[in-house]
Each structure stands twice: as structure tokens, then as C-alpha cells.
*Asks:* 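Below is one structure. I have some questions about it.
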Number of protein chains: 2
Amino acid sequence: MARRKKYKFPKTTIERLSYYFRALEDLSKRGIDTVSSEALGGKLNIKSSQIRKDLSYFGDFGKRGMGYDVKYLLKELKYILGLDREWSVVIVGAGHIGAAMANYDSFEKRGFNIAAIFDNDEKKIGKEINGTPILPYDNIDDFVKQNKIEMAIIAVPAAAAQAVADKLVESGVTAILNFAPVAVQLDENVRCLSVDLTTKLEALAYYMSYSQDKLWKIYS
Amino acid sequence: MARRKKYKFPKTTIERLSYYFRALEDLSKRGIDTVSSEALGGKLNIKSSQIRKDLSYFGDFGKRGMGYDVKYLLKELKYILGLDREWSVVIVGAGHIGAAMANYDSFEKRGFNIAAIFDNDEKKIGKEINGTPILPYDNIDDFVKQNKIEMAIIAVPAAAAQAVADKLVESGVTAILNFAPVAVQLDENVRCLSVDLTTKLEALAYYMSYSQDKLWKIYS
DNA sequence: TCACCCATGTGAAAATTTTAACATACGCCG
DNA sequence: CGGCGTATGTTAAAATTTTCACATGGGTGA
Ligand SMILES: NC(=O)c1ccc[n+]([C@@H]2O[C@H](COP(=O)([O-])OP(=O)(O)OC[C@H]3O[C@@H](n4cnc5c(N)ncnc54)[C@H](O)[C@@H]3O)[C@@H](O)[C@H]2O)c1
Ligand SMILES: NC(=O)c1ccc[n+]([C@@H]2O[C@H](COP(=O)([O-])OP(=O)(O)OC[C@H]3O[C@@H](n4cnc5c(N)ncnc54)[C@H](O)[C@@H]3O)[C@@H](O)[C@H]2O)c1
């Protein structure tokens with residue numbers, strides 16, 4: 001809270017802060033100490049005024065005439081985004097998506113600690129993915145409670161998603177990243193974001209259909 | 001074009017049309033012939049007025065007092081979204097994400113035909129995933145041209161993404177679904193959507209950090 | 001020290017998107 | 001056959017988000 005200047009800002013701002021964070025990491029790695037909103041925007045295809053406004057919701061991080069100190073802004077964004085701590089996460093569904101997520105080491109680097117993967121397939125239980133054990137789905141309740149898991153990734157078939165979500169929430173999970181193509185119904189104090197890959201492809205198909213005659217570009 | 005009534009509508013509308021489409025498929029499977037915007041919205045957590053407005057950009061599909069004929073609206077949405085034809089797609093990067101996408105059979109059912117997967121790892125070339133061959137990345141140009149590929153999924157490390165995108169576009173691809181965590185710079189007649197999983201997790205982390213004192217709910 | 005450059009932070013305007021409200025039309029039932 | 005309940009399509013208002021424009025203040029170099 002401390003860092004928030006205004007109480008109201010676009011939902012999209014948070015997403016962009018994450019982009020800024022990553023771009024700044026990259027700059028930092030390349031030994032760049034300072035960046036202007038203009039330069040950062042160029043990297044990300046985002047207007048400089050948008051960046052300045054986004055940041056202004058949280059504080060005054062830049063120096064007029066100079067731009068932003070990369071390391072300092074990184075530290076601030078880390079704090080704002082809640083990345084200055086560890087998050088304990090479980091994955092439900094040890095299928096293709098679950099495995100991809102479990103294998104992605106950058107999550108650990110960012111502080112997302114994948115504590116376990118749960119599945120109800122006997123053949124998968126007992127194995128592990130990238131060092132993370134696959135446990136029986138029936139034990140998920142105890143595990144979440146005992147390990148104070150706050151976040152979960154749902155990577156089970158659509159038909160099972162709502163039941164899994166309910167169980168997770170009942171056990172204490174309050175944030176969910178959902179890959180199943182259904183709108184999960186949840187209590188309003190549970191944060192849930194969905195990733196819908198089919199929809200992305202279909203949106204591309206739409207744009208393709210109309211890009212041929214270029215009308216979308218003229219009229220959208 | 002034929003089906004479009006207005007020339008200007010929210011970008012988010014297309015995404016929602018895809019949700020409507022899927023929800024209607026589900027209703028259809030369950031033998032339901034007719035649905036109201038209210039009922040459909042309930043399923044998807046979307047306000048009924050939003051649904052009616054979205055549809056109204058493209059035509060008059062409902063019957064007053066009655067609602068929408070599920071099969072008819074499905075047919076119309078299929079046409080609008082460009083799903084009444086086959087799309088030829090290639091995947092670049094036979095890693096975890098590439099494999100997950102190649103293994104997801106629902107894409108084929110929707111008309112997205114995964115023609116090939118490309119990788120530059122000798123050990124992977126020659127194998128196949130879910131019946132789709134993994135081919136040498138160096139051949140991608142010829143393949144895309146010969147098979148008139150229009151869409152591509154980029155699932156290579158961030159460092160390689162821009163080069164891959166450039167090559168794809170040069171070969172004739174005009175729509176890209178990008179999983180690499182970089183803002184790919186493209187000619188404006190190329191459609192590109194990105195899926196950024198890290199950003200999703202970070203956004204959840206943000207909301208978690210502030211949901212504790214519930215301020216986000218009051219002030220957002 | 002002062003003048004000049006530069007890029008921030010911000011308040012106001014513009015653009016976009018969502019929500020509300022209701023007149024309109026459809027079908028059913030009596 | 002006409003009135004009634006119902007849910008659409010639409011118009012207008014509200015809310016949200018982006019963009020613009022510039023006054024402001026920090027740094028640099030003469
Ligand atoms: N793979 C993709 O590219 C892709 C694309 C779009 C959407 N999705 C969605 O993502 C989700 C996961 O996809 P996937 O390809 O990884 O599926 P998958 O079939 O590879 O894996 C699903 C896993 O969930 C497990 N499971 C099923 N029911 C369960 C339950 N009740 N409790 C615990 N585990 C259970 C299965 O044993 C399996 O291991 C699905 O909802 C799918 O529709 C995937
Ligand atoms: N796995 C995840 O859950 C996850 C999460 C967030 C983001 N991502 C992003 O998605 C992308 C793919 O991730 P992944 O986990 O599948 O990676 P991965 O390492 O499993 O697979 C990458 C594949 O790309 C191939 N490759 C590398 N350079 C190439 C080139 N120039 N041409 C052709 N092929 C090349 C590699 O041989 C490998 O097979 C990455 O950009 C990653 O940052 C993945």
C-alpha cells in the first residue's frame with residue numbers, strides 16, 4: 001500500500017508493470033544504468049506517456065531530464081508486484097501444460113516455488129517433473145494446508161476444472177492461474193486469471209479473415 | 001465483411017465471441033436449442049448487455065422474447081471468426097510449449113491444422129509429436145512457401161524469437177502466436193498475439209499482495 | 001552561478017469500452 | 001385474435017483507459 005499514490009488505475013497497468021520489469025532486467029544485464037520512458041517504450045511497443053502514467057500511480061521513480069535508474073526502478077517494481085518474497089504454488093494436472101509449467105525454471109527464479117504437482121492418474125503419481133514430485137490428487141487438501149500454498153495452476157481437462165478450483169479454494173488457495181477453457185465460478189476474494197490458448201488462435205483466425213481486404217485496419 | 005454491421009468495435013469483442021462460441025458448443029452438445037443472453041452470460045460471467053452489444057456489431061441473430069437459436073448462432077459465429085475453413089499452422093520450437101500445443105487435438109477439431117514443427121536441435125529433428133513431424137529449422141522457408149502456411153506459433157527461447165519471427169514473415173506467414181517473453185517487432189500487416197505466462201503469475205502475485213487488506217477490492 | 005537541455009510527472013482532453021434503460025418485436029395463451 | 005410476458009437490439013450515459021501537451025525540476029557545462 002505504502003507505495004501506492006492513487007487508488008484507482010487501469011487493470012492493464014499491472015500487466016504492463018510486469019513487462020517493464022522484464023525489460024529492465026534485460027537492460028540491467030546488459031550493463032545499462034539509466035533508461036528514459038521513450039527508450040523503454042521503444043523496446044516494448046508502448047507509448048512513453050503510457051509508461052510514465054503507469055509508474056506515476058505508484059510513485060515518482062524518475063529524475064527529470066535524466067530518465068529512470070534501472071536498478072532502482074527494478075527494486076521498486078519488484079516490491080510493487082509482490083516479487084520481493086517467495087510464493088508457494090501447486091500445479092494440478094501433470095499433463096502437457098502442467099509439465100511445461102513445471103519445467104520452466106524462470107518461475108523459480110522469479111520467486112514462484114512449485115511445491116508439488118497433483119494428478120489423479122495412478123501411472124503418473126510417484127514420478128517427478130523437473131525435481132517436483134507428482135502427488136495423489138486426493139492429498140491436495142492436506143498438502144495445501146500444511147504447506148500454506150497460496151497459488152495454484154489448473155492444468156486439468158475443462159470438465160474437471162470447476163471441481164478442482166472448488167477444492168483448492170476450500171483448502172486455502174486464493175489465487176489461481178487457469179488453463180482450462182471454462183469460466184470457473186469463484187468467490188470474489190479469490191483471484192483468478194485464465195489463459196485461453198484456443199481463443200488466441202481464434203482471434204488470429206478472425207484477424208486473418210479480414211486482413212485480406214485490409215478493412216480491419218481501416219476501420220478498427 | 002458481409003456480416004459486419006458496424007465498422008468499429010472493441011478489440012475485446014473478438015475474444016468474447018470466441019468464448020460465446022465455445023459455450024454454445026457446450027450447450028449444443030447438451031441438447032439445448034435456445035439460449036438467452038442472460039443465460040449465456042451467467043455461464044461466462046459476462047453481462048447480458050455486453051453479449052447483446054457484441055453480437056449486434058455483426059448482425060441480428062436473436063429473436064425478441066425468445067433468445068438465440070444455439071445452432072444458428074454457432075454457424076454465424078463460426079463464419080465471423082473465420083473458423084469455417086482450415087488454417088495451416090506451423091510450430092517453431094519443439095520444446096515443452098511446442099509439444100503441448102502439438103499434442104492438443106482440439107486445435108485440429110477447430111480447423112487449425114498443424115502442418116509441421118521446426119527445431120534446430122539435431123536430436124529432435126526427424127522425430128514426430130502427435131503425428132506431426134519435427135523438421136529442420138533451416139527448411140522452414142521452403143516449407144512455409146510450398147504449403148502456403150499462414151499462421152505460426154513461436155515457442156523458442158526469447159533470444160531467438162525475433163529472428164524466427166522475421167524469417168516466418170519473410171516466408172509469407174501473416175499471423176503469429178508468440179510464447180516468447182519479448183515484444184516482437186513486426187510489420188504492421190502481420191497479426192501477432194503474445195501469451196505471457198510469467199506476466200500472468202506476476203499479476204496474481206500483485207493481487208495477492210494487496211488482497212490481504214482488501215484494498216484492491218475497494219479501490220480498483 | 002546561471003542558462004540551457006532534457007525527460008519527468010500530471011492535469012485535461014480524447015478515445016474506447018461497458019453498462020444501463022427501454023422501445024420494439026416475437027410467440028404464446030386464453 | 002389481441003393482450004401479455006419476455007428478451008432482443010439500440011441509443012444514450014457512465015466508466016475506464018489512453019494520449020496529449022506542457023509546466024516543472026534536475027543536471028551539465030560554460
Ligand atoms: N495442451 C495445450 O496446448 C492446451 C491448449 C489449450 C487449452 N489447454 C487446456 O489446458 C488444460 C490442460 O491441458 P493438457 O494438454 O495439459 O491436458 P493433458 O490431458 O495433457 O493433462 C491433463 C492432466 O490432468 C490430469 N487430471 C484429469 N482429471 C484430473 C483431476 N480431476 N484431478 C487431478 N488431475 C486430473 C490427467 O491425469 C492429466 O495428467 C486442459 O483444460 C486443456 O483444455 C491445453
Ligand atoms: N514452459 C513454460 O511453461 C513457459 C512459461 C513462460 C514462457 N515460456 C516461453 O515459451 C518459450 C518456449 O518455452 P519452452 O519451455 O517450450 O522452451 P524449451 O526450451 O522447452 O523449448 C525451446 C525449443 O526451441 C528450440 N530452439 C531454440 N532455438 C531455436 C531456433 N533458433 N530455431 C528453432 N528452434 C529453436 C530448442 O531446440 C527447443 O526444442 C520460451 O520463450 C519461454 O520463455 C515458457
Side-chain angles (χ1 to χ4, degrees), chain A residues 3-17 19-20 24 27 32-70 72-73 76-77 80 203 216-220, chain B residues 3-20 23-24 27 32-70 72-73 76-77 80 203 216-220:
Chain A
R3 220 56 69 92
R4 193 164 351 174
K5 285 198 324 189
K6 301 261 175 71
Y7 290 125
K8 222 169 170 303
F9 49 83
K11 290 180 246 320
T12 42
T13 288
I14 296 302
E15 204 164 314
R16 284 191 298 265
L17 292 185
Y19 299 153
Y20 305 157
L24 289 163
L27 291 172
I32 294 165
D33 298 324
T34 290
V35 70
S36 68
S37 58
E38 193 66 34
L40 189 57
K43 236 174 113 75
L44 293 166
N45 294 332
I46 292 173
K47 285 211 163 62
S48 60
S49 56
Q50 180 77 83
I51 294 179
R52 293 198 302 277
K53 177 139 304 256
D54 283 339
L55 295 176
S56 79
Y57 294 125
F58 297 89
D60 296 355
F61 305 122
K63 284 207 187 74
R64 289 172 196 236
M66 297 279 94
Y68 300 89
D69 182 90
V70 171
Y72 172 64
L73 188 51
E76 290 295 317
L77 286 177
I80 292 165
W216 73 264
K217 208 195 293 181
I218 302 169
Y219 295 117
S220 74
Chain B
R3 221 55 72 90
R4 188 163 357 173
K5 284 199 325 189
K6 301 261 175 70
Y7 290 127
K8 222 169 171 305
F9 49 84
K11 291 179 243 323
T12 43
T13 288
I14 296 301
E15 206 164 314
R16 284 191 300 265
L17 292 185
S18 169
Y19 300 154
Y20 305 157
L24 288 163
L27 291 172
I32 294 164
D33 298 324
T34 289
V35 70
S36 68
S37 57
E38 193 67 33
L40 189 58
K43 236 174 113 76
L44 293 166
N45 294 331
I46 292 174
K47 286 210 163 63
S48 61
S49 56
Q50 180 77 82
I51 295 179
R52 293 199 300 280
K53 176 145 293 272
D54 284 340
L55 295 176
S56 79
Y57 294 125
F58 297 90
D60 296 357
F61 304 121
K63 283 208 186 73
R64 290 174 193 228
M66 296 280 95
Y68 301 88
D69 181 89
V70 172
Y72 172 64
L73 188 50
E76 290 294 319
L77 285 177
I80 294 165
W216 73 264
K217 209 193 295 180
I218 301 167
Y219 295 116
S220 73

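Naming convention: chains lettered A, B, ... in sequence-line order (proteins, then strands); numbering from 1 in each chain.
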*Asks:* Between A:F58 and A:F9, which heavy-atom pair has the shortest distance, and what is it?
*Replies:* CZ-CZ, 3.6 Å
*Asks:* Within the 4.0 Å heavy-atom criterion, would you say A:S36 contacts the bases, only the backbone, or no part of the nucleic acid?
*Replies:* sugar-phosphate
*Asks:* Grab the CG-C1' distance between A:D60 and C:dG11 for me, whole Å please.
*Replies:* 15 Å
*Asks:* Give the C-alpha distance, both sets of side-chain angles, the deciding distance and a yes or no for side chain to side chain contact (heavy atoms under 4.5 Å, CB included) between A:D54 and A:I51.
*Replies:* CA-CA 5 Å; A:D54 283 339; A:I51 294 179; 5.6 Å; no
*Asks:* Specify the separation, in whole Å, of atom OH of B:Y72 and atom C1' of D:dT8.
*Replies:* 14 Å
*Asks:* Give a yes/no on whether any side-chain N or O of A:Y68 is located under 4.0 angstrom from OP1 or OP2 of C:dG9.
*Replies:* yes
*Asks:* Could you state the atom-to-atom distance from CD1 of B:I51 to C1' of C:dT17 in whole Å?
*Replies:* 16 Å
*Asks:* Side chain of B:K47 only, heavy atoms from C-beta on: which candidate in D:dC22, C:dT19, D:dT8 is closest?
*Replies:* C:dT19
*Asks:* Could you check how far NZ of A:K53 sits from C1' of C:dT8, rounded to whole Å?
*Replies:* 12 Å
*Asks:* Can you tell me if the side-chain N/O atoms of B:Q50 get under 4.0 Å from OP1 or OP2 in C:dT17?
*Replies:* no
*Asks:* If I compare all heavy atoms of B:E76 with all of B:F61, which pair ends up nearest, and what's the gap?
*Replies:* OE1-CE2, 3.4 Å
*Asks:* Check the pair A:I46, A:L40 against side chain to side chain contact (heavy atoms under 4.5 Å, CB included), reporting the backbone distance first and the verdict last.
*Replies:* CA-CA 8 Å; A:I46 292 173; A:L40 189 57; over 6 Å; no
*Asks:* Is the distance from OP1 or OP2 of D:dT16 to the nearest side-chain N or O of A:K8 less than 4.0 Å?
*Replies:* yes
*Asks:* Would you say A:S37 places a side-chain N or O within less than 4.0 Å of OP1 or OP2 belonging to C:dT8?
*Replies:* yes
*Asks:* Could you check how far CG of B:L55 sits from P of D:dT8, rounded to whole Å?
*Replies:* 9 Å
*Asks:* Among D:dA23, D:dT18, D:dG9, find the nucleotide with the atom closest to the side chain of A:R64.
*Replies:* D:dA23
*Asks:* Given that A:S49 and A:G65 both sit by DNA chain D, which one's nearest nucleotide is further toward the 5' end?
*Replies:* A:S49
*Asks:* Go through C:dG27, D:dG9, D:dT17 for me and flag the one nearest to the B:K63 side chain.
*Replies:* C:dG27
*Asks:* Atom CD of B:E38 and atom P of D:dT6: how far apart are they, to the nearest Å?
*Replies:* 13 Å
*Asks:* Using whole Å, report how far CZ of B:R52 lies from P of C:dA23.
*Replies:* 15 Å
*Asks:* Need to verify one output field. Residue with the more 5' nearest nucleotide on DNA chain D, A:M66 or A:T12?
*Replies:* A:T12
*Asks:* What contact category does B:T13 fall into here, base, sugar-phosphate, or nothing, at under 4.0 angstrom with non-hydrogen atoms?
*Replies:* nothing
*Asks:* If I take atom CG in residue A:L73 and atom C1' in nucleotide C:dG9, what distance separates them, rounded to the nearest angstrom?
*Replies:* 14 Å
*Asks:* Please check if the number of heavy atoms outside A:K43 that lie under 6.0 Å from its NZ is greater than 12.
*Replies:* yes
